[in-house]
2 protein chains.
Amino acid sequence: MANSTLSRKIANTLSEEILKGELSPGDRLDEQSLADRFEVSRSPIRDALRELASTRLIEHQPRRGFAVATIDTATLRNLYEASGELEGLCAKYCALRADAVQREHIRMLHEQGLEAIRLHDMAAYAEANHALHRAIYDACHNDALRDITLDVRNRLSMFHARFLFSEGRVAQSWEEHQEVVDCILRNDGDGASDAMKRHVAKTAVNIISHITQDSRKPMRQPLTT
Amino acid sequence: MANSTLSRKIANTLSEEILKGELSPGDRLDEQSLADRFEVSRSPIRDALRELASTRLIEHQPRRGFAVATIDTATLRNLYEASGELEGLCAKYCALRADAVQREHIRMLHEQGLEAIRLHDMAAYAEANHALHRAIYDACHNDALRDITLDVRNRLSMFHARFLFSEGRVAQSWEEHQEVVDCILRNDGDGASDAMKRHVAKTAVNIISHITQDSRKPMRQPLTT
DNA sequence: TATCTGATTATTGTACGCAATAATGGGAGA
DNA sequence: TCTCCCATTATTGCGTACAATAATCAGATA
């Protein structure tokens, strides 16, 4: 990390802030303001913004600058549909190909989710949830598929960063994970795929209902304030 | 197009050159050389390169610059596996959701492929082939899935831009398309998906054997000459 | 001869300034 | 009061210069 460039560090910082929800969809990313904030010139800022744009966490329009990505409900549904299929594929290949160490790791992360629920620690559950999904991607033994799936997950997660799971939803989520993990541990590829698709679909319904009824801040707002 | 920026035009130009095979994997993209060639300063070149990097057609390493993306055979197989799954998904949703106009368009593009074969025009077949696949993505009614699938297709196509299909392979390819199109026209989602996955798998075998036996120019060469 | 080291060169990273374009705001007319 | 138009302002696009780092090469030593 020490030999990295300024622009890359800035891109990483902004990426984290977007994923954490500290920056909201539609927020404009003014080059000069960012330059002032990071105490650098506009040059590394421009590089960082273009690098970030490649993840689609921010959007660029020529001569109008960058803004944190917005989304409409139709695209949100499309992304969740794609995510379900992709996560299902990862789960399938994971069930068919994961080695013993990877399977044990997945089992352990699933346990950590249960522990988080026992402690009523929703943030810890969110973290365990993310780690479990990533472990499944990693164990699918296809880096290209893993990268694509993770990109979609990140694009989605920025839109519900501010919604914490309810305790009820968390318990349900863990049960759905249970099915996925069971299938993976017994090498049932199709079962794992189906279970994962169901899990993502239920998450989608949950999140979309939260977002659509949350009208404090519309998701699709024009670039200009 | 007229109100676009220099950097975007340059990015488009370079993208086309890579997809056409005029630039080869591993070719370094020197900022000053490109600036001289396009008769601009390095600024729009830098912007264009970072924009291009988002498609993964070129790769960037800090302080070592950009180069046309290279690939090893393992990653190539992974990409084809992902491509097969994604194209299969597009075909499935296309079969289930395409409207009458889209179905007719797909049927017509498939006919054009046959016409190209009759004329022994391999370039025309390649074009019809690409158009058919794109029409299927478009008709899947999920823009996110379409974009992801197209990106993977482009990443793959740059590696076999220089290999023209043999007449034998083209005939076989058309037959495989026939199965896909048949399923789509009769709303058979699973059949379309399976047929498309088989088609991509056969293409993969064909291309990979071409590439691996073509040792004139290794695909994975270090950035430094 | 091969390898290591230090100086030199080439290339990218960053800063800064001007130009071009878009956003903003105020005044005139209806 | 509302709308349109023009001047003003703010922001991005592009050019240029310098700094920092990596690549290259020559010479010394084993």
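So you know, we letter chains A, B, ... as the sequences are listed, proteins then strands, and number each from 1. These numbers come from the heavy atoms of this one structure, side chains and all, not from hydrogens, waters or symmetry mates.
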Applying salt bridge (Lys or Arg N to Asp or Glu O under 4.0 Å), name anything that partners B:E31, two or more places apart in sequence or on another chain. B:R42, B:R46

Counting heavy atoms from C-beta on, name the nucleotide in D:dC14, C:dG13, D:dT12 closest to the side chain of A:D30. D:dT12

In terms of the nearest nucleotide of DNA chain C, which residue is placed more toward the 5' end: A:P62 or A:R8? A:R8

What is the distance from CZ of B:R63 to P of D:dT21, rounded to the nearest Å? 6 Å

Which whole-number value in Å describes the distance from A:E51 CD to C:dT14 P? 11 Å

Please round to the nearest 0.5 Å and tell me the distance separating atom CD1 of B:I148 and atom CG of B:N142. 8.0 Å

What parts of residues 32-49 of chain A reach DNA chain D, counting only heavy atoms under 4.0 Å away? A:R42, A:R46

For the pair made of CZ in B:R50 and C1' in D:dC14, what is the distance, rounded to whole Å? 16 Å

Candidates C:dA23, D:dG13, C:dG13 - which lies nearest the side chain of A:R64: C:dA23

Partners of B:H110 by ring-ring contact (aromatic ring centres under 6.0 Å, His included), sequence neighbours excluded? B:W174

Verify the contact: side-chain N or O of A:H60 to OP1 or OP2 of D:dG13, cut-off strictly under 4.0 Å; return yes or no. yes

Using the ring pair (Phe, Tyr, Trp, His ring centres under 6.0 Å) rule, collect all pairs that involve residues 68-91 of chain A, keeping only residues at least two apart or in two chains. none

According to the ring pair (Phe, Tyr, Trp, His ring centres under 6.0 Å) rule, which pairs have a member within residues 25-60 of chain A, sequence neighbours left out? A:H60-A:F66

Take atom CD of B:E31 and atom C1' of D:dC14, then tell me their distance rounded to the nearest Å. 14 Å

B:D147: partners by salt bridge (Lys or Arg N to Asp or Glu O under 4.0 Å), with sequence neighbours left out: A:R56

Separation of atom CD in B:Q61 from atom P in C:dG13, rounded to whole Å: 11 Å

